[in-house]
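Since the structure comes first, as structure tokens, the remarks are kept for the end.
Both backbone and side-chain heavy atoms feed into the values below; hydrogens, waters and symmetry mates do not.
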Amino acid sequence: MSDYFQVATATETRAEAVDLAQSAVAARLAGNAQVTGPVVSVFWHLGEQGTGEEWRLLLFTTADRYADLEAHLLKRHPWSNPQIIATPIVAGSRECLEWLRQSVDAAGSTPLPMTRSGRVAGGASQVSVDR
């Protein structure tokens with residue numbers, strides 16, 4: 001099993017996705033999050049096919065923190081049965097994965113921050129939003 005996960009969900013509005021991202025990062029359940037959208041979603045709901053516009057939320061965490069992140073998302077998500085999918089991260093730069101591990105460390109240690117270029121530098125965990 002992988003030690004790291006990319007976790008995906010979606011919301012109806014940008015504000016809801018950003019709120020979930022900020023609360024998960026603030027609670028150290030995710031090292032960072034990305035909000036993209038709007039995206040078009042095609043789905044089955046209550047026996048009928050539907051199409052809607054949603055905002056996609058990706059969160060990055062460790063296997064040790066996944067269950068707590070899932071519980072957090074389920075508690076705070078505006079939908080009663082949101083899709084929450086965890087995909088294993090099978091490879092990544094050593095520095096980035098170490099930063100991610102430190103970012104979600106339950107002990108609350110200060111992680112090595114990452115710059116927008118993906119290098120370790122000064123700063124804090126971040127939430128990025130694609131406009």
Side-chain angles (χ1 to χ4, degrees):
M1 183 167 102
S2 176
D3 292 335
Y4 302 96
F5 291 110
Q6 175 181 281
V7 180
T9 191
T11 62
E12 186 174 357
T13 69
R14 179 183 183 274
E16 291 168 341
V18 171
D19 181 59
L20 284 173
Q22 289 176 331
S23 66
V25 171
R28 291 190 176 270
L29 300 173
N32 68 306
Q34 299 170 336
V35 175
T36 57
V39 298
V40 174
S41 184
V42 179
F43 51 85
W44 284 98
H45 182 69
L46 301 175
E48 295 187 18
Q49 185 174 341
T51 303
E53 199 170 83
E54 300 175 344
W55 289 81
R56 185 161 176 81
L57 172 58
L58 297 177
L59 304 114
F60 299 85
T61 194
T62 61
D64 289 342
R65 297 296 277 161
Y66 173 75
D68 292 334
L69 175 59
E70 180 183 322
H72 178 87
L73 293 173
L74 288 170
K75 180 178 179 181
R76 292 176 172 263
H77 203 289
W79 296 341
S80 62
N81 185 25
Q83 180 183 63
I84 299 172
I85 303 292
T87 304
I89 297 173
V90 297
S93 71
R94 187 182 76 240
E95 284 182 335
C96 180
L97 294 176
E98 177 58 21
W99 164 83
L100 177 55
R101 186 192 61 74
Q102 289 181 17
S103 294
V104 299
D105 183 1
S109 64
T110 303
L112 298 170
M114 299 294 287
T115 66
R116 292 183 73 64
S117 66
R119 299 197 185 276
V120 175
S125 298
Q126 60 185 331
V127 173
S128 61
V129 179
D130 178 30
R131 296 172 220 247

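Among all heavy-atom pairs drawn from L29 and T61, the shortest one is O-OG1, 2.6 Å. Across every non-hydrogen atom of G31 and S103, the tightest pair is CA-CB, 3.6 Å. Counting all heavy atoms, side chain and backbone alike, A21 lies closest to V35 at CB-CG2, 4.4 Å. Closest approach of R76 to L20, counting heavy atoms only: CB-CD2, 3.6 Å. Between W79 and E54, the closest heavy-atom pair is CH2-OE2, 3.5 Å. Here the shortest heavy-atom pairing between L69 and A24 reads CD1-CB, 3.8 Å.
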* Do T11 and H77 pass the side chain to side chain contact (heavy atoms under 4.5 Å, CB included) test, and can you show the C-alpha distance, the side-chain angles, and the key distance before you say yes or no? -> CA-CA 8 Å; T11 62; H77 203 289; 3.7 Å; yes
* To do: Show your working on side chain to side chain contact (heavy atoms under 4.5 Å, CB included) between F5 and I89 and close with a plain yes or no.
  => CA-CA 5 Å; F5 291 110; I89 297 173; 5.6 Å; no
* Going through the checks in order, is the side chain to side chain contact (heavy atoms under 4.5 Å, CB included) test met by V104 and D64? -> CA-CA 9 Å; V104 299; D64 289 342; over 6 Å; no
* Asked: So F60 and Q34, side chain to side chain contact (heavy atoms under 4.5 Å, CB included) or not? Walk me through it.
  -> CA-CA 9 Å; F60 299 85; Q34 299 170 336; 3.9 Å; yes
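Remark: the S23 side chain and the H72 side chain contain an N/O donor-acceptor pair separated by less than 3.5 Å.
Remark: T62 OG1 to R28 CZ distance equals 12.0 Å, nearest 0.5 Å. Here the straight-line distance linking atom OG1 of T9 with atom CD of E70 works out to 10.0 Å at 0.5 Å rounding.
In the displayed structure, E48 atom CD is contacted under 6.0 Å by at most 12 heavy atoms of other residues, nucleotides or ligands.
With hydrogens and angles disregarded, a donor-acceptor distance shorter than 3.5 Å links the side chain of E16 to the backbone of E12. Judged by distance alone, with hydrogens and angles left aside, the side-chain atoms of S41 form no donor-acceptor pair with the main-chain N or O of E53 at under 3.5 Å. A donor-acceptor pair is defined here as one N or O able to donate and one able to accept, closer than 3.5 Å; no such pair exists between the side chain of T51 and the backbone of V42. R65 contributes no side-chain N or O that, together with a main-chain N or O of D105, makes up a donor-acceptor pair within less than 3.5 Å.
Side-chain contact between L58 and R56: present, with at least one pair of heavy atoms (C-beta onward) separated by less than 4.5 Å. Residues Y4 and R101 are in side-chain contact: their nearest non-hydrogen atoms beyond the backbone lie under 4.5 Å apart. Residues V7 and I85 form no side-chain contact, since every pair of their non-hydrogen atoms from C-beta on lies 4.5 Å or further apart.
One hydrophobic cluster, built from ILVMFWY side chains closer than 4.5 Å, holds both L74 and L59.
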